[in-house]
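The block underneath contains the structure these notes are about, expressed in structure tokens.
Computed from a predicted structure; not experimentally measured.
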Amino acid sequence: MKYWLMKSEPSEYSIVDLEKDGVEMWDGVRNYQVRNFMRDEMRVGDLALFYHSNAGKETGVVGVMKIVRNAYPDPTQFDKKNKHYDAKSTHENPRWLCVDVEHLETFRQPLTLSEIKTKSEFSSIPLVQKGNRLSIMPLSDTIFNKMIFLSKNGG
DNA sequence: GCCAACGTTGGC
DNA sequence: GCCAACGTTGGC
């Protein structure tokens with residue numbers, strides 16, 4: 001079993017939305033490295049931290065979810081009305097994949113990015129490295145559990 | 001809203 | 001295959 005961190009802008013889709021929906025498609029990934037993570041490494045039963053990006057002081061890890069469906073073609077790539085539409089993708093050879101996630105927990109307090117940056121044990125995560133743009137990244141079990149611990153114990 | 005950093009595209 | 005132009009991400 002693997003562990004992940006998955007980013008979403010809360011103005012687009014937040015942990016509150018996922019809590020309401022229960023299970024939802026994690027669509028809109030348009031980065032090949034991230035697609036390959038989903039295709040090659042992400043599997044049903046993996047756990048992921050939900051991260052709010054671009055959210056001012058609220059930016060940070062806000063909850064936990066579980067992968068409940070392995071990678072499959074992202075339907076938004078075929079939908080001309082969708083902002084993630086990709087004219088170069090075909091049903092025969094789809095470029096982009098998505099997974100389904102299930103809400104497990106919303107933290108009472110987010111573990112903020114500024115808190116994460118103060119901990120040297122997190123310095124190796126792509127999240128805090130300059131210029132990194134992965135919207136999904138793998139985490140070690142140690143890092144994953146440490147983040148959950150800190151989010152429940154006030155940084 | 002700004003802008004640095006990065007990935008992608010396409011002309012050559 | 002190079003690289004300039006462009007679009008996107010995401011912190012601030």
Donor-acceptor pairs under 3.5 angstrom involving side-chain atoms of residues 13-20 of chain A: please list them, not counting sequence neighbours.
unit_1, atom_1, unit_2, atom_2, d
Y13(A), OH, L18(A), N, 3.4
Y13(A), OH, D21(A), OD2, 2.6
S14(A), OG, V16(A), N, 3.1
S14(A), OG, D17(A), N, 3.3
S14(A), OG, D17(A), OD2, 3.3
D17(A), OD2, S14(A), N, 2.9
E19(A), OE1, T106(A), OG1, 2.9

Just call it for [X]: base, sugar-phosphate, or nothing, with non-hydrogen atoms closer than 4.0 Å on any strand.
X: K117(A); answer: sugar-phosphate
X: L127(A); answer: nothing
X: K88(A); answer: sugar-phosphate

Inset, instruction - Would you mind checking if R95(A) and D86(A) are paired as a salt bridge, meaning a charged N to carboxylate O distance below 4.0 Å? - result: yes
Nearest-angstrom distance from the residue atom [atom1] of [X] to [atom2] of [N]:
X: N132(A); N: dT9(C); atom1: CG; atom2: P; answer: 13 Å
X: I116(A); N: dG10(C); atom1: CD1; atom2: P; answer: 14 Å
X: L5(A); N: dG10(C); atom1: CG; atom2: C1'; answer: 13 Å
X: I136(A); N: dT8(C); atom1: CD1; atom2: P; answer: 19 Å
X: L134(A); N: dG10(C); atom1: CG; atom2: C1'; answer: 13 Å
X: K130(A); N: dA4(B); atom1: NZ; atom2: C1'; answer: 8 Å
X: D86(A); N: dT8(C); atom1: CG; atom2: P; answer: 12 Å
X: N31(A); N: dT8(C); atom1: CG; atom2: C1'; answer: 10 Å

Inset, instruction - For N54(A) and for Q33(A), find the nucleotide of DNA chain B with the closest heavy atom, then tell me which residue's nucleotide is more 5'. - result: N54(A)
Inset, instruction - Map R95(A) and G131(A) onto DNA chain B by nearest heavy atom, then report which one ends up closer to the 5' terminus. - result: G131(A)
Legend entry - Ring centre gap for W4(A) and F144(A) strictly below 6.0 Å: no
Inset, instruction - Hey, could you give me the CG/SG distance between N70(A) and C98(A), rounded to the nearest 0.5 Å? - result: 11.5 Å
Inset, instruction - Among the candidates dG11(C), dT8(B), dG10(C), find the nucleotide nearest to the side-chain atoms of T59(A). - result: dG11(C)
Legend entry - Any Y51(A) side-chain nitrogen or oxygen under 4.0 Å from OP1 or OP2 of dG11(C): yes
Inset, instruction - Taking side chain to side chain donor-acceptor pair (under 3.5 Å) as the test, write out the residues that go with E41(A), two or more places apart. - result: none
